[in-house]
Amino acid sequence: MYPYTITQWLFFFYIYCFAGWCIESAYVSIHEKKLTNRGFMRGPFLPLYGSGAIMMLVVSMPFQESIVLTYLAGCVGATVLEYVTGVTMEALFKMRYWDYSDKPFNFQGHVCLGTSLAWGFLTILMTEVVHVPVEHFVLSIPGMLLVVLTNVLTVGIAADFALSFKAAIDIRDVLMKMEQVKREMVHIQKRLDVIIALTNQGVTNYKSAMAENVSAVKEELAEGMGMCIDDVKSGIESKLETAKNIVLAKPAEYFVGIKEEIQELKTKYAVNVADRDRLGRIRDFFQRDMIRSNPRMTSRKYDEAFEELKKRMAERKDKKD
């Protein structure tokens, strides 16, 4: 058993958070061929690694005399931690900070067999090799100094986490708003389809006919959401022109209600385009840095909007360069 105080446990956690950041940042920097400050937080700490290290020490406590049981405990404990963390973060932020969907024997993309097996070996490495000198170092620090260092780190890391958490929530909100703008654009497109169909059919009571088609427009929204935003915009612009030409070619009695409807949809479309453009320009440093620091970050629910954010960031960087 490990006879550590709460302060010592916390300091171990911070050490392994920092070590994990060093390993992860080095790996991603080499892979991306540029320096990358990897992780959820802006400082040199990765809480998942610190949590994983502490978890390894805790789950291996009852099995210190058996290397096989230590391995199995590490596999199970780390896999559960990784899965719970991944599911929680995706539920909160609508983002995946890692994704094993392309790996064999993965479960929901949050965990995979290869990583789970590797966690077992890392647990053995942690308990038998890595933690020995780390333990010696921490236990050699005078008690009062350790308390001061731990408190300072706790304040700094807590502040960093709070800012990072807010940035992640803000990114989620931007993606949700971009998706809502797209939904409104699809609704405009479907209403234009109805207008064009009704005018071609020679409907005289436009308002009554339009009301009857409202439910049909709503039912078709889901289908339209599968289109990319550029296709939606192109379709709206084309249909606005078509609707205008049809109205101009019809007698005066067909103008009632249709002109106002087309002008209203045209105005709404212009507002939505401006909103989408504004939302796509991320100005907050923490939000931009979080996206840059996690090049493999994905969003299954808001994939198109997130890719648009990354594209705009890349274009902005190219202009500066």
Side-chain angles (χ1 to χ4, degrees), residues 14 16-52 82 85-103 109-110 112 115 153 156-182 228-230 275-321:
Y14 297 149
Y16 291 124
C17 284
F18 176 71
W21 175 84
C22 291
I23 295 169
E24 187 79 7
S25 294
Y27 172 78
V28 175
S29 294
I30 292 172
H31 185 270
E32 298 292 324
K33 296 181 179 158
K34 62 180 181 180
L35 289 176
T36 303
N37 176 22
R38 183 73 170 90
F40 177 75
M41 297 165 61
R42 300 309 89 220
F45 299 97
L46 273 174
L48 182 61
Y49 279 79
S51 302
E82 189 172 34
T85 303
V87 170
T88 302
M89 292 183 74
E90 185 171 19
L92 278 174
F93 309 126
K94 311 304 179 187
M95 302 293 302
R96 288 194 172 203
Y97 288 79
W98 65 88
D99 193 349
Y100 299 126
S101 297
D102 60 338
K103 304 295 183 183
H110 294 296
C112 69
T115 303
L153 285 171
I157 290 174
D160 189 346
F161 181 83
L163 290 171
S164 299
F165 186 89
K166 182 181 181 303
I169 291 293
D170 289 343
I171 291 173
R172 181 202 65 182
D173 291 345
V174 166
L175 295 177
M176 292 175 67
K177 289 175 182 176
M178 290 178 72
E179 191 73 1
Q180 180 59 34
V181 168
K182 180 181 177 181
C228 73
I229 188 65
D230 289 337
D275 284 346
R276 181 95 180 189
D277 183 65
R278 174 181 55 79
L279 290 167
R281 295 194 303 268
I282 291 183
R283 301 183 184 278
D284 183 81
F285 167 78
F286 284 96
Q287 295 175 36
R288 294 200 309 270
D289 196 42
M290 178 168 287
I291 295 174
R292 281 196 297 263
S293 299
N294 296 276
R296 297 182 183 179
M297 188 165 63
T298 60
S299 176
R300 290 193 169 190
K301 188 171 183 179
Y302 304 116
D303 180 63
E304 182 185 25
F306 185 57
E307 290 302 316
E308 183 177 332
L309 287 184
K310 293 196 292 184
K311 180 180 178 181
R312 287 178 177 242
M313 284 179 55
E315 290 173 350
R316 182 175 179 179
K317 183 177 182 301
D318 290 342
K319 287 181 180 178
K320 287 184 176 181
D321 294 342

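Sequence positions, counted from 1, serve as the residue numbers for this chain. Small disclaimer: the values here were computed from a predicted structure and weren't measured.
Residue Ser164 holds its OG atom at 11.0 Å from CD1 of Ile157, rounded to the nearest 0.5 Å. Here the straight-line distance linking atom CG of Asp275 with atom CZ of Arg278 works out to 5.0 Å at 0.5 Å rounding. From Glu82, atom CD reaches atom SG of Cys112 across 7.5 Å, with rounding to the nearest 0.5 Å. Rounding to the nearest 0.5 Å gives a distance of 10.5 Å between CG of Asp173 and CG of Leu279. Note that CE of Met41 is 4.0 Å distant from CG of Asp160, once rounded to the nearest 0.5 Å. Here the CE atom belonging to Met313 is positioned 7.0 Å from the CZ atom belonging to Arg288, to the nearest 0.5 angstrom.
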- Task: Evaluate the side chain to side chain contact (heavy atoms under 4.5 Å, CB included) criterion for residues Tyr97 and Leu48: first the C-alpha distance (whole Å), next the side-chain angles of each, then the deciding distance (0.1 Å), finally the verdict.
- Result: CA-CA 11 Å; Tyr97 288 79; Leu48 182 61; over 6 Å; no

- Tell me, with the steps shown, if Met89 and Met95 meet side chain to side chain contact (heavy atoms under 4.5 Å, CB included). CA-CA 7 Å; Met89 292 183 74; Met95 302 293 302; over 6 Å; no

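The aromatic rings of Trp21 and Phe18 lie parallel to each other, with less than 30° between the two planes, well short of the 60° mark. The aromatic rings of Phe161 and Phe40 sit tilted, their planes meeting at an angle between 30° and 60°.
With a 4.5 Å cut-off on side-chain heavy atoms, Leu309 and Gln287 do not count as touching. Residues Arg312 and Asp277 form a side-chain contact, since some pair of their non-hydrogen atoms from C-beta on lies under 4.5 Å apart. Within the 4.5 Å cutoff, the side chain of Ile169 has heavy atoms near those of the Phe165 side chain. Met290 is not listed as a side-chain neighbour of Phe93, based on a closest heavy-atom distance of 4.5 Å or more. Side-chain contact between Trp98 and Thr85 is present, with at least one heavy-atom pair separated by less than 4.5 Å. Inter-residue side-chain proximity for Arg300 and Asp99 is flagged as met; some heavy-atom pair is nearer than 4.5 Å.
The local environment of OH in Tyr14 is crowded, with over 12 non-hydrogen atoms from other residues, nucleotides or ligands closer than 6.0 Å. More than 12 heavy atoms of other residues, nucleotides or ligands lie within 6.0 Å of NZ in Lys310, so this atom counts as buried by the packing criterion.
In plain terms, the two heavy atoms of Leu46 and Gly20 that are nearest each other are CD1-O, 3.6 Å. Residues Cys17 and Pro47 come closest through the heavy atom pair SG-CA, 3.6 Å. Shown here for Ser101 and Gly109, the closest heavy-atom pair between the two residues is OG-CA, 3.6 Å.
A salt bridge between Arg276 and Glu308 is present, with a side-chain N of the basic residue lying under 4.0 Å from a carboxylate O of the acidic one. A salt bridge does not link Lys301 with Glu179: every distance from a Lys NZ or Arg NE/NH1/NH2 to an Asp or Glu carboxylate oxygen is 4.0 Å or more.
Partners of Asp170 under the salt bridge (Lys or Arg N to Asp or Glu O under 4.0 Å) rule, at least two apart in sequence or in another chain, are Lys166.
A donor-acceptor contact shorter than 3.5 Å is absent between the side chain of Arg96 and the backbone of Lys94.
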